[in-house]
Amino acid sequence: MEVSRRQFLSIGPAGVLGGSALGFDLTESIRVKQRLRIEGATLSHSLCPYCAVGCSLIAHTKKAANGKTELLQIEGDPDSPVNEGTLCPKGATSLQLAISRRRVPHPLYRAPGAAEWKQVSWEFALDRLARNIKASRDATFVTQDADGNVVNRCEGVAFAGGAAFSSEEGYLATKLMRGLGLVHLEQQARV
Amino acid sequence: MVSLAATFGRGAMTNHWRDIRHADLILVNGANPAEAHPVGFRWLMRAKLDRGAKIIHADPRFTRTSAVADTYIRIRTGTDVAYFGGLINYVLTNRLYHDDYVRWATNAGFVVKDGYAFHDGMFNGFDQEQGVYNTKLWAYETDDEGHARVDLDHPRSVLNLLRAHYQRYDPDTVARITGIPREQFLQVARQVGEMGRPDKVMTIVYAVGLTHHTTGVQLIRSGALLQLLLGNMGRPGGGMNAERGHANIQGNTDHAISWDILPGYLRIPAPGQEDINAYLGESASVKLHPRAVNFFGENYRRYLVSLLKAWYGDAATKDNEFAFDYLPKPAANASWISIFDQALRGKMQGIMLSGMTATSIGPDSNQVIQALTNLKWLCVMDPFATTSSEFWQAPGMDPAKIQTEVFMLPATHWIEKDGSFTNSGRWVQWKDQVLPPEGEARHDHWILAELFLRVRDLYEAQGGKFPDPVLKMALPYANPRKPELDEIAQEINGRDLRTGKRLSTFVDLKDDGTTSAGDWIYTGHYPEEGNLAKRRDGVQDPAKNDPSGMGFYPNWAWSWPANRRVLYNRASADESGRPWDPSRPGIAWENGKWVGDVPDYPPTSGPGPDAPLPFIMTGEGVGRLFSNAVADGPFPEHYEPIESPIANPLHPQVSATPVAFRYDERAGRPNRFGTVADYPYVATSYRLTEHEHYVTQNVEHLVQLQPEAFVEVPAALAREKGISTGDRVRVSSRRGKLEVRAVVTSRLGPLDIDGRRVYQIGIPIHWGFVGINTGQHWLANALTPFVGDASARTPEYKAFLVNIEKL
Ligand code: SF4
């Protein structure tokens, strides 16, 4: 019996299973395992964090006994007119990025000349950075240029924001950085 | 995207991924979508398999895209101006262009002012001292009302100048420059020439293989010119389709994380523009034809004032010019390379990087690392350690000598926050927050909001330089230290400030301070009825969700602007409103209204001889074959890369473009360019399917698939050098080196360029000194030159000279 991914999702675990996120049929044993993995899971919608094709993802999560949300599976969303359920190797392994154990766990600080990182609190890092930003802004702010034009710019601080930002974060970053008077503002579009 | 904005009025992929399946012919240049955009590539394959479309892939490497293309053309990297130029010449000389379209929808008939000239590689108006052209000299003859004179037969009509400019690009010259054999070129030209017929449509797909050159803007503009001549702009299956390389480059460009613009592509004000009028005078386009709508130019003030109201709220009043003075006015280019150039000059004190690693992505990594050592402080916000956060302990560095304070702040992953990504087809798609932030990780925007408010507190307590924009910025969020992305999406959309209601179209934005909108092109994505980027009516029910059958899926997410799926779609129908090809309609005028896609046109304006011209974003009302909005020439011209194996066959005295920005030279630092005597091979850099820039070095499965840095060496060169696959080789440029394994390949063959045999070496970019596999500390960008193109200052990553030795 041919069943689409969407039908499979609505049929639920008692029904017949379709293909995997990788696009090939899995063996019976894996099928059963997969079925159990997402049984009773919460379904949310996400997008691939990699290239700008914008493939839609379906993420299955479950609250574990210890209260932690566990990410069980990510697969292509069959409804998307962009990817129709398919993913490339990067999108298909995005779960590994999401639950990577390689994350930096705490704020870190490296003092001038130091050979090591030091673990610091958020409070320390934010306080010190805010002071640095203000000091650099005050030291390099130009209100009027040599021709007497009002220019109100901070020349000595730069910001570059990445392309995995949500748009709304990007917008806020632009607003705040322009608010500080930054002229050096950049993202991934050029590089 | 300077080139597309200069040509059509907006800098974005004009169509969308699914639309590519409507094409009859697909030219892929400077892109390898089968590997870099694998799922997007399915739509090229659908065109091929479902409707017999042909794919022509011009690329230095024979890639997975080439493997399924109908024609593969080996082209020397960065010479696409000559390739497209040859096609333009072929189309012009054989009169294969779409005549009705060209007359109606392009500036072919506009008469250029006397004084325009092009001799021996130089356009008129070059300022030797500044190293720039005075682009204002490239203008039209105008009448008393400022409208351009239109006369297609005038010797200085754009079409006649275009013919003269391109006649030099005959098949032999194309072959000499690009390495494409004459016969093969002509075979392609014949196929392309068919695409000027109204019942045919061609699309051009490109990526950073065109942009990442000192001639990048003109490489793209060449394709755009060809598409205008063939009448393929605005049509389903047509257009100029820029494939963006990262999930949300498009959204973050729209919202202007870019030195030169404000959200919605409003220009950043310049020194000397003391008020909004002065700013508009130099930024907004003017109406150059009585039938031009000049939509952007006419409404520029509304968008700027609405933006200032979103940023400065009650502090933006009529009396203070809506806080116009709070906007910084840069004196000079402040883009990527400029940031590190300023650091090298000791003028940059601190850099904040959020999800960007300066060390790996910029050209001339060794010089960038040097620049970072000059900073007082560096703040890296990222989920993982990056080559920037670790630069002070990179191989060969002595931490004791580096005085830069470095902060590494753990940021959340994309999946731990909601918000939208805009794909390269301009579809704004919302995602859920799937997981809570891991451990101590914080959202980048919370970190930034917190930093901003702490700086504000310091200004309140201590005072300091011009604190007003910091103190008065409006942050009307439930918790300003932790704004919700939903609140920000609403702010971007904009409101009527008298009623507090969200607007559903940018047409309602005002210039009197009664509306706000963070980004006018997104107005309408979040109207009162809700967040339209969350819509999910997709292929689960094509009959219902895609009523036109054209794949627009209007209720899947939202597409800027105005949920329009194909930009410039008025040009998909003829002057009388009938689709050029009724089997592939974009919009059509039927029974007194436009049907199909959301029209890129005044919705109630019908067709007719007095109707507005089709390209509503330009002052001309038409697409620009000739444009003064590019810094390096009103027509594209072939220039050699700064490092090239040959002198420019067209004009050896002006081999490279005279307006490329050579940072080291301008700063008085020693020159870091190599010559063919020492570095005889052309190198080009690129990505692999399994990796995305540098982040995937942290993903186990992907590292297993592509574990180790390598370079691709053409088989014939490998034989000459005694190199076999797996051997370690040293690839060096004047700036740095890589010592990695060689993969001997026939994917890169030798080229015959201007009578010389030229080899190209391929360099994947993804490795560095952080990641799962340690010891992979070679940065591909150690090789690339510190030079930027004239308009956008995009670096030259795709054509530079190297040497290769077996180790
Ligand atoms: S799954 Fe592949 S093609 Fe789709 S967005 Fe992700 S990286 Fe791009």
Side-chain angles (χ1 to χ4, degrees), chain A residues 44-47 49-50 52-55 59 79 81 83 88 93 96-98 102-105 107-108 110 112-113 115 130 132-134 136 138 141 143 145 149 151 153 156-164 166-172 174 176 179 181 183-191, chain B residues 37-40 244 246-249 251-253 255-257 259 271-272 328-330 334 336 339 349-356 361 377 383 399 403 406 408 410 414-415 419-421 423-424 431-432 434 445 452 454-455 458 464-465 469 473 485 488-489 538 540 553 692 698-699 701 794:
Chain A
S44 354
H45 295 287
S46 189
L47 292 162
Y50 294 117
V53 171
C55 294
D79 293 341
N83 58 310
C88 83
T93 55
Q96 272 197 349
L97 181 74
R102 299 177 52 79
R103 300 277 290 269
V104 174
L108 298 171
R110 184 261 174 192
N132 283 353
I133 293 169
K134 177 168 190 294
S136 294
D138 282 343
F141 201 86
T143 49
D145 67 10
N149 300 311
V151 292
R153 62 176 182 241
V157 179
F159 175 83
S166 296
S167 286
E168 296 72 22
E169 292 187 271
Y171 167 82
L172 186 73
T174 302
L176 298 175
V183 287
H184 292 94
L185 199 60
E186 188 60 290
Q187 50 119 356
Q188 205 97 52
R190 220 176 307 266
V191 288
Chain B
H37 299 89
V39 178
R244 299 287 202 150
H246 299 258
N248 198 34
I249 279 197
N252 284 325
T253 307
H255 296 322
I257 314 182
W259 80 275
K329 297 171 183 64
W336 184 263
I339 293 172
Q349 297 202 351
I351 298 182
M352 290 177 261
L353 297 171
S354 174
M356 297 266 283
I361 64 177
W377 55 271
Q403 295 306 307
V406 188
M408 170 76 224
W414 94 106
I415 203 149
S420 67
F421 285 167
N423 75 359
S424 43
K431 58 190 171 58
D432 300 329
V434 176
H445 69 290
F452 185 86
R454 283 175 186 242
V455 171
L458 291 171
K465 286 274 184 69
M473 171 160 281
L485 296 181
I488 299 171
Q540 66 269 51
Y553 286 95
E692 162 82 5
N698 294 298
V699 178
H701 277 154
T794 305

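First the proteins, then the strands, lettered A, B, ... as listed; each starts at 1.
Here the CD1-OH distance, from Ile488(B) to Tyr171(A), works out to 8.5 Å after rounding to the nearest 0.5 Å. To the nearest 0.5 Å, atom CG of residue Asn252(B) and atom OG of residue Ser167(A) are 5.5 Å apart.
Using a 4.5 Å heavy-atom cutoff, the side chains of Ile351(B) and Leu353(B) are in contact. Taking 4.5 Å as the limit, some side-chain heavy atom of Pro107(A) sits within range of a side-chain heavy atom of Pro410(B). Looking at heavy atoms from C-beta onward, Phe452(B) lies in side-chain contact with Met473(B) at the 4.5 angstrom threshold. Side-chain contact between Pro383(B) and Val104(A) is absent, with no heavy-atom pair separated by less than 4.5 Å. A heavy-atom distance below 4.5 Å is not found between the side chains of Ile339(B) and Trp259(B).
Both the backbone and the side chain of Trp336(B) come within contact range of chain A, each with at least one heavy atom under 4.5 Å from a heavy atom of that chain. Within the 4.5 angstrom heavy-atom criterion, atoms from both the backbone and the side chain of Thr93(A) approach chain B. Contacts between Asp145(A) and chain B at a heavy-atom distance below 4.5 Å involve the side chain alone, from C-beta outward.
Put simply, of Gly464(B), Ala489(B), Gly272(B), Ser420(B), the one with the most heavy-atom pairs under 4.5 Å next to chain A is Ser420(B). In terms of non-hydrogen atom pairs under 4.5 Å with chain B, the most contact-rich of Gly170(A), Ala130(A), Ala52(A), Ala98(A) is Ala52(A). The choice from Ala256(B), Gly419(B), Gly350(B) that makes the most heavy-atom pairs within less than 4.5 Å of chain A is Gly350(B). Heavy-atom pairs under 4.5 Å with chain A were tallied for Leu485(B), Val455(B), Asp432(B), Ile361(B); the largest tally goes to Asp432(B). By number of non-hydrogen pairs under 4.5 angstrom with chain B, the leading residue of Lys134(A), Gln96(A), Arg110(A), Arg102(A) is Arg110(A). Comparing Ala115(A), Ala59(A), Cys55(A) by how many heavy-atom pairs each has under 4.5 Å with chain B, the most go to Ala115(A). Between chain B and the residues Gly54(A), Ala160(A), Pro81(A), Ser46(A), the most heavy-atom pairs under 4.5 angstrom are made by Pro81(A). For the set Pro271(B), Gly40(B), Gly538(B), Gly251(B), the entry with the most heavy-atom pairs within less than 4.5 Å of chain A is Pro271(B). Ranked by heavy-atom pairs under 4.5 Å with chain B, the first of Cys88(A), Pro105(A), Ser136(A) is Ser136(A). Among Val157(A), Asn132(A), Leu172(A), Asn149(A), the residue making the largest number of heavy-atom pairs under 4.5 Å with chain B is Asn132(A). With chain A as the partner, the residue from Pro399(B), Pro469(B), Pro38(B) showing the most heavy-atom pairs under 4.5 Å is Pro399(B).
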Let me see the working for Ser166(A) and Lys431(B) under side-chain hydrogen bond (donor to acceptor under 3.5 Å, both in side chains), right down to the final yes or no.
CA-CA 9 Å; Ser166(A) 296; Lys431(B) 58 190 171 58; 3.2 Å; yes
Step by step, work out the side-chain hydrogen bond (donor to acceptor under 3.5 Å, both in side chains) result for His246(B) and Glu692(B).
CA-CA 8 Å; His246(B) 299 258; Glu692(B) 162 82 5; 2.9 Å; yes
